[in-house]
Structure formats: structure tokens, C-alpha cells
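Before any comments, here is the structure.
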Amino acid sequence: MDEAAPAADGAGRGEPTAAVQRVYGDFGLAAMPAASANSAVAAERLSRHAASLKGQRASPSWATRFWRGRVRAPGELSAVAVLLQVFIPFALGHYLSWLLRTVNAMLAPQMLQAVQLTPAQLGTLTSTYFLAFAFAQLPVGLALDRHGPRRVQAVMLLIAAAGTYAFAQSQSFTQMAIARGIMGLGLAACFMAAMKAISTWISPQKAPSVQGYLIAAGGLGAATATLPVRLALHYTDWRGILTALAICCAALAAAIMLIAPTEPPAAPKPLSRRALKEIFTHKAFRDTAALVLIPHTVYFGIQGLWISRWLADTAYLDQQAIAWLLYLGMAGVIFGAIAVGMLTEWAARHGRQPIDLAALGIAAFVIIQCAMIVGARPAMPMVAVAFMLVGTITGIEYTIVAQSVPPALMGRTSTCLNLLIFTGAFAVQAGFGAIVACWSAGPAGRAPAQAYQCAFAVLVLLQLPGLLHYLRTRYRAHREASRSIR
């Protein structure tokens with residue numbers, strides 16, 4: 001007992017206690033001198049001091065805070081803040097995506113002269129955008145779930161800026177194809193990031209109308225790629241226009257990082273093989289894809305490039321007239337996107353399914369393509385505008401899927417749908433060019449009308465099975481309903 005007392009006294013007054021030494025060690029500090037821990041009060045004071053030092057070391061840097069952004073929960077932002085910080089920045093991204101997707105339709109004549117491209121090479125070059133866009137969909141969907149739309153959109157827009165600038169500086173077909181692919185990769189998140197931002201910070205009751213405005217913003221981007229680009233070509237060439245668009249992509253990336261909010265962190269949802277199987281075997285997904293998928297790919301593939309070449313080669317229109325027609329057609333895209341949303345709501349109020357409305361629109365869309373095969377020259381301008389207007393019915397695909405699949409599958413289903421749409425658009429755009437290239441160009445470099453007639457005929461034949469499948473399904477459902485009544 002007597003010998004233990006001095007030891008205890010030494011442990012309390014001379015040497016620091018093991019607990020205090022562990023505190024210093026946990027914070028990565030040097031061992032505490034013996035004289036500084038001669039009482040419990042000193043130990044507690046030093047522990048608080050060490051904790052304050054750790055807090056100073058652990059404080060995030062400016063770059064970390066900038067990357068994290070301002071976390072805002074759903075419902076926390078006012079209506080004005082949602083408009084300025086959420087809708088406008090992400091809608092501008094969708095606007096740029098459509099502009100860069102369709103701008104080649106106006107720049108094609110200059111590119112053909114500058115790089116000596118054949119029709120097949122032009123189709124492949126423009127379609128590489130869709131291929132890269134499609135391949136990026138699944139990784140983009142996973143990244144959006146993990147990092148949120150603000151960070152993913154900003155990073156992807158910087159990639160798009162690099163690809164656009166590289167495309168503007170390209171001197172050969174190979175360089176242009178690689179740069180175009182990088183553009184498609186960088187712009188792959190624009191639509192899905194905007195959709196995710198809308199679903200996060202905008203109430204479900206207002207989301208459908210806001211999504212219609214988002215699609216209209218894309219149509220405005222496509223409209224900008226027509227007459228405004230044509231007017232800009234009086235002051236610069238195609239390389240100057242693309243360089244300016246690259247700067248716009250980089251500026252928008254910075255604006256989104258500065259303005260847009262960050263969604264609260266959530267556990268990431270893995271896209272497993274089982275989840276993919278559940279999506280692709282879902283009845284609503286299969287029925288919708290069977291009817292609308294191929295027309296949707298035809299619409300994107302033709303509207304983004306070949307509609308202007310068809311008018312130039314078969315209707316003998318000059319670039320100014322084509323620019324006016326495309327501008328009018330893209331205005332039709334804006335109003336068509338809004339009208340499809342209104343018609344969908346009207347059909348729901350009257351007990352009609354959206355897929356029935358889609359079938360009527362697809363039938364009209366195929367009839368317009370049959371008119372393009374006939375090739376009555378006086379009607380070609382009107383037929384081209386009708387193609388762009390009626391083709392907006394294909395956007396109903398997202399609405400049908402959203403109303404049919406469980407909410408837990410919605411995000412991944414949209415990603416898979418985009419994958420199929422843009423892969424198909426690549427095939428349509430490249431395949432159409434390959435068919436046209438089977439005919440020799442005329443003296444003015446124009447492909448003959450027979451080449452376009454054959455190419456449009458192939459597209460019509462590809463779309464007919466979907467319509468027949470829908471009619472057969474509806475007939476069976478009607479017959480079963482009649483039997484149940486009897």
C-alpha cells in the first residue's frame with residue numbers, strides 16, 4: 001500500500017496518463033511532455049486544445065467546398081430559386097445539346113468542301129455523336145445517382161467543350177469523327193441531368209409541364225442551329241461557329257457549378273443485371289419500344305442531318321431557303337412538344353391510353369415518310385416541316401414509360417430507353433448515308449432522288465412491324481373484352 005502511493009502520485013503528477021497520450025497520438029501530435037500533465041485539469045485542457053487543432057486540420061479547402069456546393073433539400077428552394085438555379089441552367093444544357101446535335105445540317109456544305117467528305121462519311125461522322133451518346137447513358141445514370149446533376153453536368157460539359165473545340169480544329173475525317181464522338185460523350189448527361197434536377201427540386205404535380213418546357217428548350221436549340229447559324233456564316237466559317245459553341249459549353253459548366261444547388265446525399269442504386277432484366281422484360285417497356293422506338297430513332301437520325309440534304313438534292317433548294325424551312329420546322333418542334341403533353345393529359349381525362357395517341361401519331365409520321373418517297377417536288381417543303389412537327393409525337397415514349405413502370409425503376413428505365421434510342425439513331429443516320437452513297441452523285445454533287453426514295457422506303461419498312469404489333473395487340477384486347485361481356 002505504502003509503495004503504491006508514490007507510484008500513483010508519479011502517474012498523476014509527473015508522467016502523462018495513458019489516456020492523454022492516446023489523445024495526442026490520435027490527433028497525430030508529438031508526445032506530451034511529462035511536466036505538462038500534472039493534473040486532471042491540465043489533461044482536459046490539453047485534450048480540448050488538441051481537438052481544436054484537429055478541427056483546424058480537418059476543415060475542408062476552398063476547392064472541396066466548391067465541389068460540394070450548397071446542399072438544398074427538396075422543397076427548400078423558393079419558386080424563383082428553382083427557376084433561376086435549377087431550370088434555367090439545366091435547360092440551357094439541353095438547349096446546347098440539341099444545337100450541337102443538329103448544327104451539322106447547316107454546316108454540312110462547308111464541311112464537305114473543306115474536308116472532301118463523301119455522303120457515307122458525312123452520315124458516319126454525324127452519327128458518331130449518337131453512338132458515343134448512347135454508350136455513355138448507363139455510366140451517366142450511375143454517376144447522376146452517386147454525385148448528383150450539378151457535378152455530373154458540369155464535368156460532362158467541359159468534356160463537350162473539349163470535343164467541340166477539337167472538332168473545329170480537325171483537318172481529316174478521322175480527327176472529326178473522334179472529336180464528334182467526344183462531343184456526344186460530353187453532352188450525354190444534358191437531358192438526364194435536367195430530368196433528375198426537375199424530379200428532385202420540382203413537385204411531382206408540376207413536373208410534367210416543366211418537362212414539356214425542357215423539351216421545348218431543346219427544340220429552341222435545334223431552331224438556333226438553322227437560320228441563326230446560317231446568318232452567322234456570313235461573318236465566320238463553320239470552325240468559328242463551333243469554337244464559339246465550345247466556349248459556351250465551358251461557360252455553362254462554370255455557371256452550373258456556381259449557381260445550381262447540390263442534392264442531399266443518398267445511397268447509390270446499383271444497375272445490376274437483374275435490374276436490367278426487369279426493365280427490358282417489363283410489358284409496358286416492351287410494348288412502348290415496339291411501337292415508338294424505331295420511329296424515334298428515325299426522327300432523330302433524319303431531322304439531325306438528312307432532311308436538309310434531301311431538300312438540297314431533290315428539291316433543288318438553296319441553303320437560305322433550307323435554313324428558313326428548318327427554322328420553321330424547329331419552331332414546330334417547340335409547339336409540338338408542348339402540344340403532345342396537352343394531348344396526353346386530354347386523352348387521360350377521356351379514358352384513353354397514351355399509347356393509343358402514340359399509335360395515331362406514328363401512323364401519321366409513317367404516312368409523311370411515304371410522301372417523301374413519292375417525292376412530289378412542289379410539296380417537299382411542306383412535307384419536310386410536317387416531318388419535324390409530327391415527329392415530336394415520338395417524345396411521348398418517356399411519358400408512357402413513366403406512367404407504367406414502378407417509381408423505383410423510373411430513372412434506370414429512362415437511361416435504358418436513351419441507350420436504345422441513340423444507338424438506333426446512330427444506325428439510322430449512318431445507314432441512310434450508306435444507302436444514298438450507293439448511287440453516284442450528279443454534276444453538282446447532288447445525290448439522285450432514287451437514292452433518297454430507296455433509303456426512306458427502308459425506314460418505312462422498319463417501322464411497319466411496330467404498328468402491326470400494336471394493332472394486333474389492341475384487336476386481341478378488344479376481342480377478350482367482348483368475350484368477357486358476353
Side-chain angles (χ1 to χ4, degrees), residues 92 95-119 121-129 160-173 175-177 179-180 182-184 187 217-252 301-334 380-381 384-385 388 429 433 441 444-447:
L92 285 174
Y95 166 88
L96 281 176
S97 175
W98 272 66
L99 198 163
L100 286 167
R101 182 193 308 169
T102 56
V103 72
N104 277 12
M106 272 291 98
L107 303 182
Q110 286 198 7
M111 290 192 298
L112 287 170
Q113 295 178 0
V115 193
Q116 300 297 316
L117 299 175
T118 66
Q121 286 178 326
L122 180 62
T124 302
L125 172 64
T126 307
S127 62
T128 53
Y129 173 100
T164 305
Y165 181 76
F167 189 84
Q169 305 303 316
S170 298
Q171 302 293 333
S172 67
F173 167 74
Q175 293 176 356
M176 295 176 77
R180 182 75 174 171
I182 296 173
M183 288 170 57
L187 296 169
L220 183 61
T224 307
T226 58
L227 184 61
V229 169
R230 175 65 183 172
L231 295 175
L233 287 173
H234 292 296
Y235 304 97
T236 184
D237 60 357
W238 65 277
R239 298 184 189 275
I241 289 176
L242 289 170
T243 300
L245 290 175
I247 295 172
C248 290
C249 288
L252 182 58
I302 301 303
Q303 174 258 336
L305 173 65
W306 291 112
I307 192 76
S308 62
R309 301 306 306 159
W310 176 70
L311 289 170
D313 291 349
T314 61
Y316 301 107
L317 298 180
D318 58 26
Q319 289 300 308
Q320 186 69 20
I322 293 173
W324 275 105
L325 285 173
L326 293 180
Y327 187 77
L328 183 61
M330 292 306 106
V333 170
I334 297 172
M380 283 183 179
V385 173
M388 290 180 277
Q429 206 163 73
R446 294 188 174 96

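Below, each value reflects all heavy atoms present in this structure, side chains not excepted, and no hydrogens, waters or symmetry copies.
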Any side-chain heavy atom of [X] within less than 4.5 Å of one from [Y]?
X	Y	result
W310	I307	yes
R101	L187	no
L326	M388	yes
C249	L100	yes
V333	W98	yes

What pair of heavy atoms forms the shortest contact from [X] to [Y], and how long is it?
X	Y	result
I241	A232	CD1-CB, 4.0 Å
A250	A161	N-CB, 3.8 Å
G329	V385	CA-CG1, 4.3 Å
F173	V115	N-CG1, 3.9 Å
A321	D318	N-OD1, 2.8 Å
M183	G163	CG-C, 3.4 Å

Rounded at 0.5 Å granularity, tell me how far [atom1] in [X] sits from [atom2] in [Y].
X	Y	atom1	atom2	result
R180	T164	CZ	OG1	8.5 Å
R309	I302	CZ	CD1	13.0 Å
M330	L220	CE	CG	11.5 Å
L231	T226	CG	OG1	9.0 Å
Q303	T102	CD	OG1	6.0 Å
W238	Q110	CH2	CD	9.0 Å

inquiry  = Would you say Y129 and S97 are linked by a side-chain donor-acceptor pair, where the criterion is simply a distance under 3.5 Å?
reply    = yes
Within the side chain of [X], is there an N or O that forms a donor-acceptor pair under 3.5 Å with the backbone of [Y]?
X	Y	answer
T236	L233	no
Q429	S127	yes
R230	M106	no

note = When L242, L245, T243 are each screened for side chain to side chain contact (heavy atoms under 4.5 Å, CB included) with F167, the one that passes is L242
